[in-house]
Amino acid sequence: MSDRCSGMSLLMMVVFAGFSLSPTVAQDPLLPPANTPAVNPAITRIAFGSCSTQDEPQPILRTVIDWDPQLFIYLGDNIYGDTRDMQLLQAKYNKLGQRSEFRSLRAAMPAIATWDDHDYGENDAGKEYPFKEQSKELFLNFWNEPRDSPRRQHPGIYTSYRFGEPGSGQSLQVILLDTRSFRDPPLRAPFKSWKNDYLPDTDPQKTLLGQQQWAWLKARLQEPADLRIIGSSIQFGHEYNGWESWTNFPRELIRMVDLIRETRAEGVVFISGDVHWGELSRLQVPGGYPLYDLTASGLNRDWEYVEPNGNRIGEACMDFHFGMININWGGSPTVQLRVHDMTGRARVRKTVRLNELRFSNR
Ligand SMILES: [Fe+2]
């Protein structure tokens, strides 16, 4: 089966499977500037989360600290900004920055971040949001981005980090995507229920990441790494459900799968947020290896129900939670993907051998 054929098959699967269902913080010493060679020791414990309103307490962050991660990744909706008033947006960042739980987390570990719609500026907003440059400036300043960071020199906020020495067998690449600054408007369904119903849009002119970010991503995937975590604010590997996600842009989803295949990038694991529940999805890829997507979305936001997801492994978590990735680099390396609730209990747990995330030699 050619790449093109298998890509189209996956496109059909995505489209038709869907329709068949229905203030300032201290500098982080661990982190090198984005896009520079790693100078850090191998990393083994990463926590992440998303969807945290600044207006309510965030006790889950205390639980995160108990697990002693070496890095925390904020995946978006880190505040609920939802405004075109930049003074108000700054005030909301300040409110998060003044929360004691947040300050404790920031003091305990380095944190890196990307954004989703609510901290970008408006619900479900894309490239049309008129204050994206101003919002970007507030975002980068809040997250303490170095003044000389490449992130401040190109449109959007996509970036990458490296941990562990290249060639050591323990090198980790963390890629944070920008799913907002370049995204074309999604296709709205002609019907309207209580939720935002979007339909998979196969318009070849529409993009989610934009051409410049796609080219940047290709170059990142061509860099050597033993494990690659791709952070996407919106879900990637689940089954279409009408909410915002990669499934609304199936050609872009296929483009990601094809790019991973084309670059022979191995060890890719997606992490995502946005939906206010936690779950693990596994996307089977013709001619490739399974793409896991660990969603942790609800640091202090929850939801009334969970959408069907034929790609889900195990149960979804409807309580406040965070994601955790534990890497065992010894012997035959493994990656454990978990979702923990406020008590610290693991509600989702899956151990994946790193050699499962490899292309076969056929
Ligand atoms: Fe969101």
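Whatever order the structure lists them in is the order used to number ligands and atoms, beginning at 1. Fair warning: this is a prediction, and the values are worked out from it, not measured in the lab.
- Taking the Fe ion (ligand 1) as reference, the nearest N/O/S atom within Asp116 carries the name OD2.
- Within Asp117, the N, O or S atom lying nearest to the Fe ion (ligand 1) carries the name OD1.
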*Evaluate the criterion side chain to side chain contact (heavy atoms under 4.5 Å, CB included) for residue pair Arg180 and Lys132; output intermediate values, then yes/no.*
CA-CA 9 Å; Arg180 295 293 156 189; Lys132 55 186 173 185; over 6 Å; no

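- A cation-pi arrangement is found for Arg301 relative to Tyr80, the charged atom lying closer than 6.0 Å to the ring centre and inside a 45° cone about the ring normal.
- Stacking of Arg151 on the aromatic ring of Trp143 is not recorded, the 6.0 Å distance cut-off and the 45° axial limit not both being met.
- Leu88 and Leu96 sit in two unconnected hydrophobic clusters of ILVMFWY residues. Membership requires side-chain heavy atoms under 4.5 Å apart, directly or through other members.
- The Fe ion (ligand 1) has no N, O or S atom of Asp124 inside 2.8 Å of it.
- Ion pair Arg183/Glu252 not flagged as a salt bridge, since none of the NZ, NE, NH1 or NH2 atoms sits closer than 4.0 Å to an Asp/Glu carboxylate oxygen.
- Closest to the Fe ion (ligand 1) among the N, O or S atoms of Asp274 is OD1.
- Looking only at N/O/S atoms, Asp77 comes nearest to the Fe ion (ligand 1) through OD2.
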